Amino acid sequence: MPELPEVETLARDLRATVVGRKITKATVSPDAPRLVQDMPVEVFESGLRGRRIEGVSRRGKYLMLQLDKGLWWVMHRRMSGNVLRRPVKATDEPYIRARFRLDDGNELRFVDLRKFGTMWLTDDPEPIFAGLGPEPLDEAFTDEVLRETLKKRSTAIKPVLLDQAAIAGVGNLYADEALHYAGIHPKQPAASLKNDEVAKLREGIVRALEQGLANLGSSVGNVAGEEVSLRDHVNLNGESGKNQEYLVAYGREGRPCRTCGTAIERIKLAQRSAHFCPKCQPLRRRRKRTPAKGRARRAPAG
DNA sequence: AGAGTAGCCTGTAAGC
DNA sequence: TGCTTACAGGCTACTC
């Protein structure tokens with residue numbers, strides 16, 4: 001599933017290939033009625049026609065293409081969305097939901113099996129990102145920033161990592177990886193993390209994301225034997241990422257922990273699967289304060 | 001208000 | 001073999 005590393009990989013690919021190109025035609029398939037947000041499909045299509053792509057960037061899991069005339073073409077790949085750059089004459093892949101013809105004989109194809117993907121065309125993208133937390137790979141994402149976020153959350157740490165208002169761009173896969181690197185159990189209450197654990201967690205998040213980025217993303221849903229799968233993340237050329245080979249927790253249920261050999265476990269947490277090593281990531285139970293001890297602290301015997 | 005859950009969507013795999 | 005059901009998951013909208 002596309003998370004920060006997968007979206008950033010796409011942004012880099014696009015930056016290298018489509019900046020300076022003009023969109024000559026945009027076509028959205030009628031079988032993807034939810035793809036275009038906040039405006040009629042025809043307005044979206046005609047609004048993109050003739051626009052020049054001036055830059056590509058990313059915010060959280062959102063991809064942003066800066067166009068001339070002060071416009072922004074924003075997209076979110078959600079679960080299964082991929083962008084492919086193909087010659088206009090190339091054979092169609094299945095699940096093409098939209099096409100964007102460029103002035104160099106290529107076109108961008110938005111391929112999205114599950115149809116969860118969304119796009120916007122706007123002169124002000126900021127409201128789209130209004131609810132997003134800090135970028136985890138920015139220098140501004142410090143231990144203290146993370147600590148302040150976590151101390152307000154009584155729930156388990158894993159769902160907090162998935163909350164885009166807490167940290168932008170982390171999804172289920174990289175959350176499991178980050179917690180494993182940090183040695184923290186996914187059910188550990190967020191507010192219970194000590195300072196050194198928060199520091200380890202921030203390191204784990206950065207490590208997991210940077211490794212994903214270095215390996216051009218994780219492609220975990222691909223079917224064995226299929227040359228190019230479009231069921232999961234692929235890059236602009238349709239090639240899979242390599243990071244799935246290096247995962248330490250996600251998708252490794254029953255397989256040995258790379259650190260200690262213990263079988264990786266999978267549990268359900270907040271409707272999501274969570275993978276972890278029960279030995280390297282022990283749940284630190286909050287010590288129950290006994291009534292006697294609590295009382296003793298407030299009213300020492302004497 | 002924070003937390004939990006249904007729904008969006010489709011293909012695959014498990015179960016009967 | 002063939003049908004049904006569960007599952008995968010980012011995010012929003014809704015309920016408690």
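Fair warning: this is a prediction, and the values are worked out from it, not measured in the lab. Numbered from 1 within each chain, the chains take letters A, B, ... in sequence-line order.
Per the geometry, CD belonging to A:E93 stands 16 Å off P belonging to B:dG11, to the nearest Å. Look at NZ on A:K187: it is 11 Å from P on B:dG4, rounded to the nearest Å. One atom, CG of A:L161, and another, P of C:dC11, lie 14 Å apart when rounded to the nearest Å.
Evaluation of atom-type donor-acceptor distances gives a pair under 3.5 Å for the side chain of A:R114 against the base of C:dA8.
In the hydrophobic cluster analysis, where Ile, Leu, Val, Met, Phe, Trp and Tyr join through side-chain heavy atoms closer than 4.5 angstrom, A:M75 is grouped apart from A:F116.
Contact between the side-chain N/O atoms of A:T118 and the OP1/OP2 oxygens of C:dC11 is not found at any separation under 4.0 Å. Phosphate contact (OP1/OP2 of C:dG10, side-chain N/O of A:H76, threshold under 4.0 Å): absent. Proximity of A:Y250 to the phosphate of C:dG9: a side-chain N or O atom is located under 4.0 Å from OP1 or OP2. Phosphate proximity of C:dC11 to A:K61: present, with a side-chain N or O under 4.0 Å from OP1 or OP2.
Across all strands, A:K268 comes closer than 4.0 Å only to sugar-phosphate atoms, never to a base (heavy-atom distances). Within 4.0 Å of A:R77, counting heavy atoms only, lies no atom of the nucleic acid at all.
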task = Decide yes or no on side-chain contact (heavy atoms from CB on, under 4.5 Å) for A:N82 and A:E93, but give the supporting numbers first.
result = CA-CA 11 Å; A:N82 277 301; A:E93 298 78 8; over 6 Å; no
